[in-house]
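Note that the structure is a prediction, hence the values are computed from the model and not measured. Proteins come first, then strands; the chains are lettered A, B, ... in the order of their sequence lines, and each starts at number 1.
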Amino acid sequence: MPVTADAVRDALDDVTDPELDQPITDLDYIETLDVSDDGDVHLAFVLPTAWCSPTFAWMMAADARDAASALDGVADVRIELRDHMHAEEVTRGVNEDLSFETAFDTADGEVASTRATLDRKARLARQYDAMEALDDAGVDDRQLARLRRGDLTVEEDRVTIDLDGLYVELDARPLERYLEKARAVDLVTDDDDRLFASRDEETLSPADVPRARRASRLAKTNMGGQGGVCASLHASRNPELADD
Amino acid sequence: MLQHQGEDIFVIDGHLHAWDATKENIIHEGGEQFIKCFYDYHTGFTPEERQWTLEEFRTYSDEKFLSDVFGTGDVDVGIFQPTYLKEFYEDGFNTIDDCGALADEYGDRLITNGRFDPREGEAGLEDLERQAREYDIQGVKVYTAEWRGDSKGWRLDSEDSFEFLQKCADLGIENVHAHKGPTIRPLNRDAFDVADVDDAASSFPELNFVVEHVGLPRLDDFCWIGTQEPNVYGGLAVAAPMARDRPQKFREILGELLYWLGDDKILFGSDYGIWEPDWVLDAVVNTEFTEEEKAEYGLEFDMETKKKVLGENAADLYDIDIEERKAALRDDDLSAEFDTGAQYEGAAD
């Protein structure tokens, strides 16, 4: 069965601007999304400025390519970065499956370490929402510090937390979003792993929880604050896309 | 002075420029990219009816500068932060000599900072001495991401940099303003990393390090350093205009800064000519935390804190006695020109 544009768009919801940790679909970066009857996908996107980090642009283009390519019924995927200082290098490099270092002869720094750094920041920022959701559900600091991956059971859009035989149920989304990044940074991979950690990814005692929560809030404020800068620049440069 | 809820607030704008990005001064494509990037920030945050054209933005007259800052702007004292970029601009973008001429003419109103670049070696040290001698500078602006030859930047915690910081300490230049902010095309992003401030600040406790643009998009790293180093400050330029069009984001940033660094460590800056101080100040001074935010951060952005952030903290760093300064400003040329002398009545003589 041929793939629909809606299905591709849904898949792109998982592609984030790595600096802001928000989906490119929510950020209104997508200018054109065409899906042909044969399953060929053409995605064109723009960024808030022509001089946004080429490393970040590359990560978004490559992630979008991978997300679309993974769908059943997709034939060819063509990604196009528009109106950017390095539009040509990113577009060509990602479509020809080159490495970042090959596509940019002047690249300083490489994608993997940048991605790892930003994943660690996103993990911390998402920890704030997860801790807040648990706090709202009545889970205290002592319990937060001791929670392990295996204490969580996700069913549909709800998660059940096992607190030594007491059960709390809440919306799964903040915890699932957190776990996605906690896995990406290899912090929470097994059922025995503690769920939360300090800014430096160290295990928490109950007394450490308030500071870890504030460090998480700070990471979220940083990403959100930078998101505000980018959104203002985007609204000014691309008013037809940005609706804020 | 700024009037707010029946009180006067003495305003020190800690981040001003007098630049020249006319086509005649541009000698590298980076110069054109740089001013266009600034212009994107200008249009991105400025209310539509207050936006300048790109041509107006390339450079501006002294008269316009003085009127925008001290006339409509409600600023009492301003501090120039030079930005050289001589690889991009023949005569530099915004040099101490450009700023110094105005600061000489309006000594009670304008302070010019100097600058250094450790890659200039011995000649750079000599020029720093010249700046101290000619302009009696109390501070320097440093641009760790500035290009020079094949180098795309330098670190504040390098051996060469320490030599210059020691020279600053010897010359009594106490305030080091480091540009650590959003990427500016075409400067290298990694050179805006804030980590190098940490070691420099702990190695030179006699100096004050003002991280301009509060490290965005590395506010988290910056605040973390700020909690550990008592001589690290945050300059609000770039964050401040968000108070108008993204007030919640601004309150979150301000809340974090006040929480982690404290209310003695935050300095206002408009970043003129990117933004005009009058509407930026208006948005900042009218910022109030919600009850929920007050509970979250455990603090308020009240009159006392506003006075500190908008003027008193910078006055401490630059040894300005606000009451004495008011008396001096009451009858100065600019008060006469803009008819602002009456607001300084009642100041101690």
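When B:Asp40, B:Asp220, B:Val214 are compared by the number of non-hydrogen pairs under 4.5 Å with chain A, B:Asp220 comes out ahead. Contact count versus chain B (heavy atoms, under 4.5 Å) is highest, among A:Met223, A:Arg237, A:Arg217, for A:Arg217. Your options are B:Trp224, B:Trp260, B:Phe45, and the one with the most heavy-atom pairs under 4.5 Å with chain A is B:Trp224.
A donor and an acceptor atom, one from each side chain of A:Thr221 and B:Glu256, are located under 3.5 Å apart.
Between A:Phe104 and A:Trp58, the two ring planes are perpendicular [angle over 60°; tilted spans 30° to 60°].
No part of B:Phe222 comes within reach of chain A, as not one of its non-hydrogen atoms sits under 4.5 angstrom from that chain. The parts of B:Glu296 that come within reach of chain A are both its backbone and its side chain, each placing non-hydrogen atoms under 4.5 angstrom from that chain. Heavy-atom distances place the side chain of B:Asp245, and not its backbone, under 4.5 Å from chain A. Neither the backbone nor the side chain of A:Lys220 comes within contact range of chain B, judged by heavy atoms closer than 4.5 Å. Both the backbone and the side chain of A:Arg214 come within contact range of chain B, each with at least one heavy atom under 4.5 Å from a heavy atom of that chain.
Few gaps surround NZ on B:Lys294; more than 12 heavy atoms of other groups in view lie less than 6.0 Å from it. Counting heavy-atom neighbours within 6.0 Å of A:Arg82 CZ, excluding the residue itself, gives a total above 12. Heavy atoms of other residues, nucleotides or ligands lying less than 6.0 angstrom from CZ of A:Arg148 number more than 12. Residue A:Glu96 qualifies as enclosed at atom CD: its count of foreign heavy atoms under 6.0 Å is above 12.
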